[in-house]
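Here's the structure, in structure tokens; my notes come after.
Counting from 1, the numbers follow the sequence of the chain as shown. Just so you know, ligand 1 is whichever comes first in the structure, and atom 1 is the first atom listed for that ligand.
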Amino acid sequence: MSDAEYYNKLAQAVIAGEPEEAEELARGALSQGLDALECINKGLTVGMERVGELFSTGEYFLPDLIIGGDAMKAALSILEPALLEDQQREILGRVVLGTVEGDLHEIGKTLVGTMLTANGFEVTDIGIDQPASEFVAAVEEIGATLVGASALLTTTMLQQKKVVEELRAAGFGDKVKVMIGGAPVTQAWADEIGADGYAEDAIAAVGVAKKLIGVE
Ligand code: B1M
């Protein structure tokens with residue numbers, strides 16, 4: 001199978017909601033020497049975007065979102081370890097990462113965590129549906145200098161504002177930076193709520209994180 005055929009089949013497995021097929025394809029792609037990140041960006045993410053479109057137009061329903069997500073997660077369980085193989089050993093900084101309260105979307109957030117880890121950050125992933133107070137508590141516990149807050153819903157973006165506010169109220173001042181992201185999030189929103197940085201995707205998140213903690 002050519003590289004393009006692998007990407008297309010990975011996308012199709014997500015669209016059709018077939019976790020086993022997705023996992024199998026991911027294994028096959030790696031054994032053919034395909035790049036894990038390319039498989040994610042040109043295959044799985046393309047499929048997931050299509051699932052979102054079909055949901056928007058009423059052709060797909062909630063169960064389709066769930067199985068599409070499951071298929072992407074199944075393939076990522078194979079691909080993400082490959083991303084971590086040439087992990088940088090020196091720790092650049094500690095990051096607390098989570099999806100904000102009321103929001104159950106985990107895939108993009110987890111991918112951001114994987115990319116940060118692969119590039120030298122020590123990431124504490126506090127999970128999904130996390131209130132601002134949990135971000136603050138985790139920062140205190142691990143001594144993080146960067147917080148990443150993900151939101152995939154226009155309604156939960158407001159919680160990113162709360163994360164920024166509660167971190168400021170906790171008195172960390174400029175010592176703890178906040179990076180936000182997620183499909184509906186923009187640089188303008190980051191500016192409006194006083195977040196220190198915004199990243200469009202998991203790759204951009206690495207550059208933004210490095211800049212925020214002053215290593216680039
Ligand atoms: Co939902 N969902 N969903 N969903 N879902 C969206 C987000 C939606 C756009 C679909 C649509 O209508 N087209 C829509 C939101 C509309 C809006 O508010 N603008 C939507 C909706 C409406 C809902 C429900 C309300 C549906 C319902 O119940 N009627 C419901 C809400 C549940 C809740 O959270 N309270 C819901 C539920 C779900 C599932 C749980 C079933 C499932 C998630 C499964 C899981 O995560 N385990 C799901 C899915 C799969 C999606 C879509 C189809 C795909 C999301 C995804 O995983 N993408 C999504 C449509 C879409 O986004 N096109 C949709 C792949 C992932 C790699 O990309 O998450 O964007 P993404 O992450 C990217 C970037 O955004 C960025 O980097 C990542 C990697 O490159 N990024 C960051 C993300 N976080 C970042 C943080 C950073 C930096 C960058 O710094 C900290």
Side-chain angles (χ1 to χ4, degrees), residues 10-11 14-15 17 19 22 36-77 79-80 83 95-119 121 123-130 135 144 146-160 163-164 167 176-187 189-190 193 195-213:
L10 281 163
V14 171
I15 296 166
L37 198 54
E38 297 268 279
C39 291
I40 294 169
N41 290 335
K42 296 184 177 166
L44 301 174
T45 303
V46 173
M48 218 46 190
E49 273 162 16
R50 184 69 191 131
V51 169
E53 282 164 19
L54 290 166
F55 182 72
S56 296
T57 54
E59 287 159 83
Y60 268 19
F61 299 96
L62 193 55
D64 302 301
L65 287 189
I66 297 171
I67 54 170
D70 286 348
M72 178 148 184
K73 281 202 300 180
L76 285 176
S77 72
L79 297 171
E80 285 186 324
L83 291 177
V95 185
V96 166
L97 179 68
T99 301
V100 297
E101 185 166 20
D103 200 317
L104 306 177
H105 296 84
E106 66 174 338
I107 298 171
K109 176 266 300 162
T110 305
L111 203 50
V112 169
T114 302
M115 289 307 293
L116 290 176
T117 306
N119 285 279
F121 288 88
V123 177
T124 300
D125 187 335
I126 61 172
I128 54 173
D129 192 15
Q130 290 300 316
F135 284 87
L146 181 63
V147 167
S150 177
L152 263 284
L153 301 170
T154 39
T155 46
T156 57
M157 281 164 65
L158 278 172
Q159 292 299 323
Q160 292 177 320
V163 171
V164 173
L167 284 164
V176 178
K177 307 283 185 189
V178 187
M179 171 169 70
I180 61 168
V185 179
T186 59
Q187 180 64 54
W189 175 243
I193 67 173
D196 302 290
Y198 156 75
E200 191 181 0
D201 56 36
I203 300 166
V206 174
V208 173
K210 284 183 176 173
K211 210 167 144 200
L212 289 179
I213 65 158

- Which protein heavy atom lies closest to atom 86 (C) of ligand 1, and at what distance to 0.1 Å? G181 CA, 3.6 Å
- Please write down residue, atom name and distance for the protein heavy atom closest to atom 13 (N) of ligand 1. S56 OG, 2.7 Å
- List the closest protein heavy-atom neighbour of atom 78 (C) of ligand 1: residue, atom name, distance to the nearest 0.1 Å. G108 CA, 3.8 Å
- ligand 1 contacted by A149 (non-hydrogen, < 4.0 Å): yes
- Item | Protein contact of atom 80 (O) of ligand 1 - nearest heavy atom, named by residue and atom, plus distance | A202 N, 3.1 Å
- Task: Could you list the residues that satisfy side-chain hydrogen bond (donor to acceptor under 3.5 Å, both in side chains) with E101, not counting sequence neighbours?
- Result: none
- Message: I want to know if ligand 1 touches T154 in the polar sense, i.e. an N/O pair below 3.5 angstrom.
- Response: yes
- What do we get for M72 next to ligand 1 when only non-hydrogen atoms under 4.0 Å count, side chain, backbone, both or neither? side chain
- Message: Out of all atoms in ligand 1, which are within 4.0 Å of some heavy atom of E200? Include the element for each.
- Response: 74 (C), 76 (C), 77 (O)
- Task: For G102, counting its heavy atoms only, list the atoms of ligand 1 lying under 4.0 Å from any of them.
- Result: 33 (C), 34 (O), 35 (N)
- Message: Counting non-hydrogen protein atoms only, what is the nearest one to atom 41 (C) of ligand 1? Give residue, atom name and distance.
- Response: I66 CG1, 3.4 Å
- Side chain, backbone, both or neither: which part of I180 comes within less than 4.0 Å of ligand 1 when only heavy atoms are counted? backbone
- Query: Which residues satisfy the side-chain hydrogen bond (donor to acceptor under 3.5 Å, both in side chains) test with Q160, sequence neighbours excluded?
  - Reply: W189
- Note on the structure: Counting from 1 in the order shown, the ligand 1 atoms closer than 4.0 Å to a non-hydrogen atom of S150 are 83 (C), 84 (N), 85 (C), 86 (C)
- Query: Is the closest protein non-hydrogen atom to atom 24 (C) of ligand 1 under 4.0 Å?
  - Reply: no
- Task: Tell me the protein N, O or S atoms under 2.8 Å from atom 1 (Co) of ligand 1, in chain and number order.
- Result: H105 NE2
- Heavy atom of the protein closest to atom 65 (C) of ligand 1 (residue, atom name, distance): M48 CG, 3.6 Å
- Query: Is the shortest heavy-atom distance from the side chain of I193 to the side chain of V178 under 4.5 Å?
  - Reply: no
- Take atom 51 (C) of ligand 1 and look for protein heavy atoms under 4.0 Å from it; say yes if you find one, no if not. yes
- Task: For atom 45 (C) of ligand 1, state whether the nearest protein heavy atom is under 4.0 Å away.
- Result: yes
- Query: Would the number of heavy atoms belonging to other residues, nucleotides or ligands and lying under 6.0 Å from CD of E200 be above 12?
  - Reply: no
- Task: Enumerate the atoms of ligand 1 whose separation from the nearest heavy atom of E106 is less than 4.0 angstrom.
- Result: 45 (C), 46 (O), 47 (N)
- Task: With rounding to the nearest 0.5 Å, note down the distance linking CZ in F135 to CG in L97.
- Result: 7.5 Å
- Message: Could you measure the distance from the CG atom of L44 to the CG atom of L79? Nearest 0.5 Å is fine.
- Response: 6.0 Å
- Message: For L104, is there any backbone N or O sitting under 3.5 Å from a side-chain donor or acceptor partner on T99?
- Response: no
- Task: Taking atom 9 (C) of ligand 1 as the reference point, report whether a protein heavy atom occurs under 4.0 Å from it.
- Result: no
- Message: Under the side chain to side chain donor-acceptor pair (under 3.5 Å) test against K109, which residue among D103, D125, T114 passes?
- Response: D125
- side-chain hydrogen bond (donor to acceptor under 3.5 Å, both in side chains) partners of Q159, counting only residues at least two apart: none
- Query: What is the nearest protein non-hydrogen atom to atom 27 (C) of ligand 1, stated with its residue, atom name and distance?
  - Reply: L62 CD1, 3.8 Å
- Looking only at heavy atoms, what is the nearest atom pair of M72 and I40, with distance? CE-CG2, 4.4 Å
- Item | Euclidean distance, M157 CE relative to I180 CD1, rounded to 0.5 Å | 7.0 Å
- Message: Just verifying a value: how many Å separate T110 OG1 and I128 CD1, rounded to the nearest 0.5 Å?
- Response: 8.5 Å
- How long is the span from the OG1 atom in T45 to the CG atom in D201, to the nearest 0.5 Å? 9.0 Å
- M179 backbone acceptor or donor facing D196 side chain under 3.5 Å: no
- When you measure from atom 89 (C) of ligand 1 to every protein heavy atom, which one gives the shortest distance, and what is it? A199 O, 3.3 Å
- Message: Tell me the closest heavy-atom pair linking C39 and L10, and the distance in Å.
- Response: CB-CD1, 3.8 Å
- If you take all heavy atoms of L62 and F55, which pair is closest and at what distance? N-CE1, 3.8 Å
- Enumerated ligand 1 atoms positioned under 4.0 Å from heavy atoms of D103: 34 (O)
- How long is the span from the CG atom in L83 to the CG atom in L111, to the nearest 0.5 Å? 7.5 Å
- Query: Counting heavy atoms only, which part of A204 comes closer than 4.0 Å to ligand 1: side chain, backbone, both or neither?
  - Reply: neither
